Amino acid sequence: MITTNGGISVDRPRLRAGRGVTEPPPPTCFLEPLLTVRLQRRTLPLAAVMLAASLLVGSAQADTPAPADPTLTADLGAILADARLTNAQAGVQVIDADTGQVLYQHQPDALLTPASTLKTVTSAAALELLGADHRFTTEVRTAGSVYGRVLVGDLLLRGGGDPSLRPGDLDDLAARVADSGITTVTGRVLADGTRYDSTPYGPGWAWDDQPYTYSPQISGLTVAPDSEYTMDTVQVTVTPGANAGDDARVSLSPAEAPMQLDGRITTGAAGSTTTADVERRRSVNSLDLNGSLPIGAAPVTFWQTVENPAVYTGDVFAGALERHGVHVVHDDVRAATGTEATQPLASHDSAPLSELIVPMLKLSNNGMAEHLTKEIGKVKAGQGTWTAGITQIKSFLAANGLTTPAGRQVDGSGLSRYDLITPAKMTALLKAAQTKPWYQAWYNALPVAGNPDRLVGGTLANRMRGTAAANNVHAKTGSMSGVDNLTGYVTTPDGHHLAFTAMLNNFTGPVPHDILDAVAVRLATGHQAPTTSPAAPRSLMAPAPGSTTPDSGTRWEDCESLHRC
């Protein structure tokens with residue numbers, strides 16, 4: 001939107017412009033509120049009138065666009081004038097979701113870092129290109145011959161890219177091996193993750209994020225130890241001993257996780273400070289333990305990633321085989337080459353994609369987004385790589401008229417800081433999605449503001465409670481240090497459906513969720529929303545079961561607040 005010297009606002013063509021969790025356009029000033037039509041002005045320069053008319057006719061907005069709401073413009077401008085955004089950058093666009101008419105915009109064509117809001121692009125492309133019914137299949141296959149109860153050869157676990165494979169699923173597969181009559185395998189378990197390429201990390205992912213759960217290694221075969229599909233991780237639970245000075249007890253889940261424990265966590269006196277800490281060394285499956293936990297304290301749980309997810313998954317499967325009475329002579333699981341001659345024995349199918357996008361979007365699951373990206377490449381181009389997947393996603397965007405400005409996408413989750421997108425393109429995707437047969441499943445998978453149910457509210461469960469935005473705003477969050485974004489839908493008091501994107505980049509200090517919330521609440525209420533206080537710093541420990549944590553992209557926003565960088 002531009003404003004003529006005569007005071008008329010008109011549309012213009014778009015121009016190119018914790019530790020639990022990861023994540024230069026020229027500086028611009030965004031603190032000036034956009035001006036609106038001065039309805040009281042009765043005379044205007046002829047040139048201004050002609051310019052306004054030509055731009056409106058040529059725009060992609062509604063056939064009969066209404067003047068922008070001056071109150072909305074003033075209110076959103078005031079929200080963006082927050083002092084915490086001084087020297088930062090903001091891009092905002094609000095449109096009528098039905099007509100596409102722009103109701104407010106501020107730097108809509110600025111290329112900004114999307115963080116996890118990029119998952120809206122990836123999930124929409126996956127639903128379109130793979131289909132809502134797409135499933136991932138994990139197979140058990142024999143590499144050898146079966147004589148009676150003996151398999152002379154190896155047992156191969158072939159990954160189908162399932163981002164939701166759980167230890168219980170592997171246990172079911174092991175039970176089916178036992179039910180087939182096999183009790184002995186003379187070889188070993190081979191773990192086949194070759195459906196996708198061998199590159200474990202996306203372009204531009206931070207090397208110092210590797211031990212943390214939001215930065216899992218990506219493989220065609222992986223296992224998730226929890227119901228939220230936190231793939232390629234192990235849960236490390238620390239329980240204090242009975243007496244001060246005793247070593248705390250450390251347990252792993254799954255127990256087969258190939259982790260070496262170094263150091264110790266002690267039991268402190270009753271009431272002492274909890275300083276227990278667990279951290280994986282980069283590039284090796286070794287956990288450093290230190291600190292203490294007071295007598296009588298509740299156990300604390302940490303999550304850490306695991307090197308070589310395919311072999312890790314094979315280890316868990318081998319443990320399940322042993323429990324079901326299938327003895328594997330060589331207990332060292334090895335990676336398969338993908339070229340082995342095998343015969344099918346048992347298989348497991350994932351839930352359909354329409355269901356898998358729920359934890360992916362609600363809980364902002366990075367690993368799931370990357371699996372979808374590589375799966376798109378595998379299915380549509382025969383290559384399970386980021387390059388192939390992103391090429392197909394770009395084709396999806398082009399087919400839906402979402403190519404200008406070009407932007408940049410290098411992964412599926414938004415974990416990379418190489419990713420760039422504009423607020424206008426995000427809102428255009430929101431509008432285009434409404435015409436798709438998969439739209440309702442996609443819309444329902446977005447986090448819902450203020451809803452305490454973790455698989456409904458997701459990363460917005462604790463935000464905007466008690467406001468008109470609660471159970472109204474359906475939107476994807478996206479945060480990493482210096483980045484905070486929100487994109488989605490809201491219904492106004494008079495029943496209008498709006499699509500909006502608000503992106504804040506290049507700020508320092510605590511994440512200003514409340515600024516984004518104020519924008520969403522303003523749209524939901526029709527009047528200026530009170531600014532809320534910034535959220536308290538999050539603990540670097542893992543959340544308690546069933547708790548909710550804000551979506552975020554790197555541990556740095558936590559460590560800056562907690563002084564543990």
Side-chain angles (χ1 to χ4, degrees), residues 18 20-23 115-116 118-123 125-126 130 134 136 138 159-167 169-170 193 195-206 209-235 254 257 280 303-313 316 350-351 353 355-378 384-386 389-390 393 410-416 419 445 458-459 476-478 480 542 549 551-555:
V21 264
T22 310
E23 226 354 30
S116 287
L118 191 65
K119 293 184 178 73
T120 59
V121 176
T122 302
S123 57
L130 299 176
H134 182 80
F136 299 83
T138 305
D162 187 356
S164 63
L165 192 68
R166 305 263 331 266
D169 301 324
L170 295 172
R195 180 172 181 82
Y196 302 153
D197 68 356
S198 59
T199 304
Y201 297 113
W205 288 14
D209 285 336
Q210 293 176 11
Y212 306 112
T213 58
Y214 52 81
S215 185
Q217 295 186 13
I218 306 304
S219 167
L221 178 61
T222 191
V223 64
D226 64 348
S227 60
E228 296 183 359
Y229 308 124
T230 313
M231 68 179 65
D232 184 38
T233 60
V234 58
Q235 295 182 358
R280 181 174 71 84
W303 280 263
Q304 296 289 317
T305 55
V306 182
E307 287 289 315
N308 198 336
V311 171
Y312 171 32
T313 306
V316 177
S350 73
L353 181 58
E355 296 180 21
L356 294 181
I357 62 169
V358 173
M360 173 187 158
L361 292 176
K362 297 285 189 186
L363 307 177
S364 204
N365 187 306
N366 289 336
M368 297 184 87
E370 304 306 347
H371 273 241
L372 294 191
T373 303
K374 289 195 174 185
E375 185 71 3
I376 289 171
K378 182 66 175 180
T385 66
W386 269 292
I390 296 301
I393 292 174
V410 302
D411 65 3
S413 66
L415 198 57
S416 175
D419 296 316
T459 55
K476 183 68 193 78
T477 55
M480 56 175 64
T549 55
D551 173 35
S552 150
T554 70
R555 65 191 174 103

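Basis for what follows: all heavy atoms, side chains included, without hydrogens, waters or symmetry-related copies. When a residue number appears, it is its place in the shown sequence, counting from 1. Everything numeric here is computed off the predicted structure, so don't read it as measured data.
- Inspection of the Trp386 and Glu370 side chains reveals an N or O donor paired with an N or O acceptor under 3.5 Å.
- Residues passing the side chain to side chain donor-acceptor pair (under 3.5 Å) test with Thr373, sequence neighbours excluded: none.
- The CG atom of Leu165 sits 9.5 Å away from atom OG of Ser350, with the distance rounded to the nearest 0.5 Å.
- Residues satisfying the side chain to side chain donor-acceptor pair (under 3.5 Å) criterion with Thr230, sequence neighbours excluded, are Asp226.
- The salt bridge (Lys or Arg N to Asp or Glu O under 4.0 Å) search around Glu375 returns Arg195, not counting sequence neighbours.
- Remark: the backbone N or O of Tyr229 is paired with a side-chain donor or acceptor of Asn365 at under 3.5 angstrom.
- Between Ser123 and Ile357 the shortest heavy-atom distance is CB-CG2, 4.4 Å.
- Panel note: side chain Thr305, backbone Pro211; a donor-acceptor pair is recorded below 3.5 Å.
- Distance check, rounded to the nearest 0.5 Å: CG of Asn366 to CG of Asp411 gives 8.0 Å.
- Neither side chain, Ser364 nor Thr459, offers a donor N or O lying under 3.5 Å from an acceptor on the other.
- In this structure, Pro225 and Val234 have side chains that are not in contact, with every pair of non-hydrogen atoms separated by 4.5 Å or more.
- Between the CE atom in Met231 and the OG1 atom in Thr222 there is a gap of 5.5 Å [rounded to 0.5 Å].
- Tyr196 contributes atom OH, which lies 11.0 Å from atom OG1 of Thr385 (distance to the nearest 0.5 angstrom).
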Worksheet entry | side-chain contact (heavy atoms from CB on, under 4.5 Å) between Lys476 and Leu361, worked out | CA-CA 7 Å; Lys476 183 68 193 78; Leu361 292 176; 4.0 Å; yes

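- With sequence neighbours left out, Val358 forms a side-chain contact (heavy atoms from CB on, under 4.5 Å) with Lys362, Ala445.
- Residues forming a side-chain contact (heavy atoms from CB on, under 4.5 Å) with Ser219 (at least two apart in sequence, or on another chain): Leu221, Pro309, Ala310.
- Partners of Phe136 according to the ring pair (Phe, Tyr, Trp, His ring centres under 6.0 Å) rule, which considers only residues two or more places apart in sequence or in another chain, are His134.
- Looking only at side-chain heavy atoms (C-beta outward), Leu356 and Met368 come within less than 4.5 Å of each other.
- Partners of Asp419 by side chain to side chain donor-acceptor pair (under 3.5 Å), not counting sequence neighbours: none found.
- Scanning for side chain to side chain donor-acceptor pair (under 3.5 Å) contacts around Asp232 gives an empty result, with sequence neighbours left out.
- Listed by chain and residue number, Asp197 satisfy the salt bridge (Lys or Arg N to Asp or Glu O under 4.0 Å) test with Lys374 (two or more places apart in sequence, or in another chain).
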Worksheet item: Passes side-chain contact (heavy atoms from CB on, under 4.5 Å), Leu170 versus Val223? Steps please.
Response: CA-CA 9 Å; Leu170 295 172; Val223 64; 3.9 Å; yes

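- Atom CD1 of Ile376 sits about 5.0 Å away from atom CG of Leu130, to the nearest 0.5 Å.
- For Pro200, the side-chain contact (heavy atoms from CB on, under 4.5 Å) partners are Gln217, not counting sequence neighbours.
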